[in-house]
Amino acid sequence: MAPKSLLYTLFASLTVALAASVPETTHDVIVVGGGPAGLSVLSGLSRVRRKTVMFDSGEYRNAPTRNMHDVIGNDGTPPAKFRGLAREQISKYDTASIVDKKIVSVTPLTDANQTAYFEAKDADGNVYSARKVVLGTGLVDVLPATPGLEEIWGKGAYWCPWCDGYEHRDQPIGILGSLVDAVGSMLEIHTLNTDVVALANGTQTAEVEAQLTKDKPNWEAQLKAWNVRIDNRTIESFRRVQDGDVHRDDEGRQFDIFEVKFADGQTLQRNAFITNYPTAQRSTLPAELGLQMDDDKIDTTSFSGMRTSVPGVYAVGDANSDGSTNVPHAMFSGKRAAVYAHVEMSREESAAAISKRTLPSRRAMEKETERLMGRDLEDIWAQVQGQ
């Protein structure tokens with residue numbers, strides 16, 4: 001066993017080393033994702049002079065979309081133009097930087113004082129470190145492999161009526177996806193469209209109808225009330241007949257025309273489609289970090305301030321579980337995460353500044369040392385050396 005006086009000395013050194021501290025990192029915050037959510041985080045943190053780096057892989061859920069809508073001040077702006085303007089405005093902050101590379105890993109670590117921080121590696125193998133990480137990594141829409149669907153996606157075929165529905169108002173529209181979702185879509189678009197066909201694509205089965213009747217006892221009456229017709233034929237392909245990007249009117253309408261071909265060889269024309277397809281996390285980082293999930297979304301509703309189940313990691317935009325998926329929501333969630341991350345770091349900095357002036361008393365160190373007397377000197381010395 002080690003002499004008591006030597007243990008006191010060792011424990012005093014260990015206590016000083018373990019006092020509250022701020023880790024030395026290349027940045028305060030790493031933001032993964034360069035869409036509206038990530039840009040909002042970068043802007044918010046830059047406004048309070050937090051050294052922040054945003055990584056942009058160039059993958060965006062709204063990339064196929066012609067224009068953004070319901071974004072006050074930017075209604076009708078193409079997504080790429082919006083991102084470019086945001087970057088230009090944020091570039092004036094000397095604490096902000098943007099790296100156009102994909103982050104392939106984020107690793108939680110602790111420094112010599114057992115203070116947590118993160119390392120992120122980009123696709124070229126470059127390593128960055130930060131005290132906090134914000135994931136704005138987004139979702140992908142999981143489309144069925146129906147020929148032609150991917151080509152029309154985001155340009156007449158959409159999932160958000162607030163984003164694209166007004167431009168196709170008063171036009172024949174189809175509801176794509178399972179019959180289970182037809183009532184929900186109808187409730188979203190009945191003020192925009194009156195010629196509506198639910199293209200059930202073989203999902204109108206006895207089992208589905210029974211489930212619908214259980215969940216929505218008056219589902220048939222609701223569809224009939226809004227003149228929604230059900231077509232259960234199997235869809236074979238989609239084909240664009242006319243491009244609404246070219247055919248517009250002075251009131252902002254886009255006149256797309258699509259031909260739906262069924263397995264029986266017959267066709268149907270529609271001017272737009274509202275869709276009900278699943279989504280998935282675009283990035284593998286949430287799973288690799290072991291983040292708590294909620295219906296395949298990063299769980300932030302069980303925590304405050306866009307925080308996740310891993311301390312120091314935040315999630316914003318479509319990737320998280322707060323139930324909203326649009327550009328205004330993305331910007332709101334990004335700003336919220338920026339505020340909470342800044343305040344959290346400020347509290348950590350205050351704790352570190354105070355602890356330097358209020359180290360534990362000698363008696364407190366002696367009592368803890370007495371508790372440790374049963375441990376080998378080599379074990380304790382290894383801890384001190386490791387600091």
Side-chain angles (χ1 to χ4, degrees), residues 35-37 39-40 60-86 138-139 141 143 148-177 181-199 222-223 225-229 238-260 268-277 279 317-318 322-333:
L39 287 164
S40 183
Y60 317 102
R61 188 181 183 189
N62 68 353
T65 305
R66 292 168 179 150
N67 309 97
M68 300 189 315
H69 293 288
D70 203 19
V71 185
I72 295 173
N74 280 280
D75 193 73
T77 303
K81 183 177 180 180
F82 173 85
R83 293 191 300 271
L85 182 59
L139 299 174
D141 295 284
L143 304 182
L149 180 57
E150 188 171 351
E151 286 73 20
I152 69 174
W153 185 249
K155 298 177 178 63
Y158 53 86
W159 55 268
C160 171
W162 289 270
C163 305
D164 297 283
Y166 189 74
E167 286 64 44
H168 295 89
R169 64 194 182 276
D170 302 320
Q171 299 176 33
I173 191 170
I175 299 175
L176 296 179
D181 300 306
V183 172
S185 290
M186 176 274 297
L187 292 173
E188 291 180 345
I189 66 171
H190 78 87
T191 54
L192 293 168
N193 307 93
T194 55
D195 182 353
V196 183
V197 177
L199 296 164
Q222 288 191 65
L223 293 180
W226 300 109
N227 299 313
V228 178
R229 307 182 304 280
F238 296 91
R239 182 174 70 89
R240 180 183 295 280
V241 177
Q242 181 170 287
D243 190 349
D245 204 19
V246 177
H247 296 270
R248 301 174 179 235
D249 66 13
D250 294 336
E251 296 180 347
R253 288 185 181 88
Q254 300 172 358
F255 294 97
D256 295 281
I257 301 177
F258 304 101
E259 181 183 86
V260 183
L268 173 72
Q269 284 196 348
R270 296 282 92 183
N271 290 83
F273 302 101
I274 184 169
T275 68
N276 297 282
Y277 297 128
T279 59
D318 287 6
D322 64 4
S324 297
T325 52
N326 52 54
V327 173
H329 156 262
M331 292 191 290
F332 159 77
S333 64

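Heavy-atom basis, side chains included; hydrogens, waters and symmetry copies ignored. Remember, predicted model here, so these are calculated numbers, not experimental data.
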K.L.:
Would Asp245 and Arg240 pass as an ion pair if we require N to O under 4.0 Å?
P.N.:
no
K.L.:
Evaluate the criterion side-chain contact (heavy atoms from CB on, under 4.5 Å) for residue pair Trp153 and Asp141; output intermediate values, then yes/no.
P.N.:
CA-CA 10 Å; Trp153 185 249; Asp141 295 284; 3.6 Å; yes
K.L.:
If we ignore hydrogens and angles and just use 3.5 Å, is the side chain of Asp70 paired with the main-chain N or O of Cys163 as donor and acceptor?
P.N.:
no
K.L.:
Could you tell me whether the side chain of Asn276 and the main chain of Leu176 form a donor-acceptor pair under 3.5 Å?
P.N.:
yes
K.L.:
Does CD in Glu150 sit with more than 12 non-hydrogen atoms of other residues, nucleotides or ligands closer than 6.0 Å?
P.N.:
no
K.L.:
Would you check if Cys160 and Thr325 make a side-chain contact, meaning some heavy-atom pair closer than 4.5 Å?
P.N.:
no
K.L.:
Within a strict 4.5 Å, meaning less than it, do heavy atoms of the Trp159 and Thr279 side chains meet?
P.N.:
no
K.L.:
Restricting to non-hydrogen atoms, name the atom on Arg83 and the atom on Asn62 that form the minimum distance, rounded to 0.1 Å.
P.N.:
NH1-OD1, 3.9 Å
K.L.:
Kindly compute the distance separating NE2 (His190) from CG (Asn227), expressed to the nearest 0.5 Å.
P.N.:
12.0 Å
K.L.:
So do His168 and Ile173 actually touch side chain to side chain, heavy atoms under 4.5 Å?
P.N.:
no
K.L.:
Which residue in the set Lys155, Arg66, Arg270 passes salt bridge (charged side-chain N to carboxylate O under 4.0 Å, His left out) when paired with Asp256?
P.N.:
Arg66
K.L.:
Side chains of Thr65 and Asp164: closer than 4.5 Å at any heavy-atom pair?
P.N.:
yes
K.L.:
Can you find a heavy atom in the side chain of Arg229 that is under 4.5 Å from one in the side chain of Asp195?
P.N.:
yes
K.L.:
Counting heavy atoms not belonging to Tyr166, are there more than 12 under 6.0 Å from its OH?
P.N.:
no
K.L.:
Run Ser333 and Asp322 through side-chain hydrogen bond (donor to acceptor under 3.5 Å, both in side chains) and show every step you take.
P.N.:
CA-CA 9 Å; Ser333 64; Asp322 64 4; 5.3 Å; no
K.L.:
Quick one: does Val183's side chain get under 4.5 Å of Leu223's, heavy atoms only?
P.N.:
yes
K.L.:
Charged N to carboxylate O under 4.0 angstrom, Arg248 versus Asp243?
P.N.:
no
K.L.:
Would you check if Pro328 and Val71 make a side-chain contact, meaning some heavy-atom pair closer than 4.5 Å?
P.N.:
yes
K.L.:
Would you say the side chain of Asn67 lies within less than 4.5 Å of the side chain of Gln254, judging by non-hydrogen atoms?
P.N.:
yes
K.L.:
Show, in sequence, the C-alpha distance, side-chain angles and deciding distance for Ile189 and Trp226, and conclude whether the side-chain contact (heavy atoms from CB on, under 4.5 Å) test is met.
P.N.:
CA-CA 10 Å; Ile189 66 171; Trp226 300 109; over 6 Å; no
K.L.:
Report the C-alpha separation of Leu199 and Leu268 in whole Å, then their side-chain angles, then the decisive distance to 0.1 Å, and conclude whether the side-chain contact (heavy atoms from CB on, under 4.5 Å) test is met.
P.N.:
CA-CA 10 Å; Leu199 296 164; Leu268 173 72; 3.9 Å; yes
K.L.:
Drop me the distance from Leu192's CG to Glu167's CD, to the nearest 0.5 angstrom.
P.N.:
9.5 Å
K.L.:
One pair to check against side-chain contact (heavy atoms from CB on, under 4.5 Å): Phe82 and Thr77. What are the steps and the verdict?
P.N.:
CA-CA 6 Å; Phe82 173 85; Thr77 303; 4.0 Å; yes
K.L.:
Under 30°, 30 to 60°, or over 60°: which ring-plane class applies to Phe238 and Phe273, parallel, tilted or perpendicular?
P.N.:
perpendicular
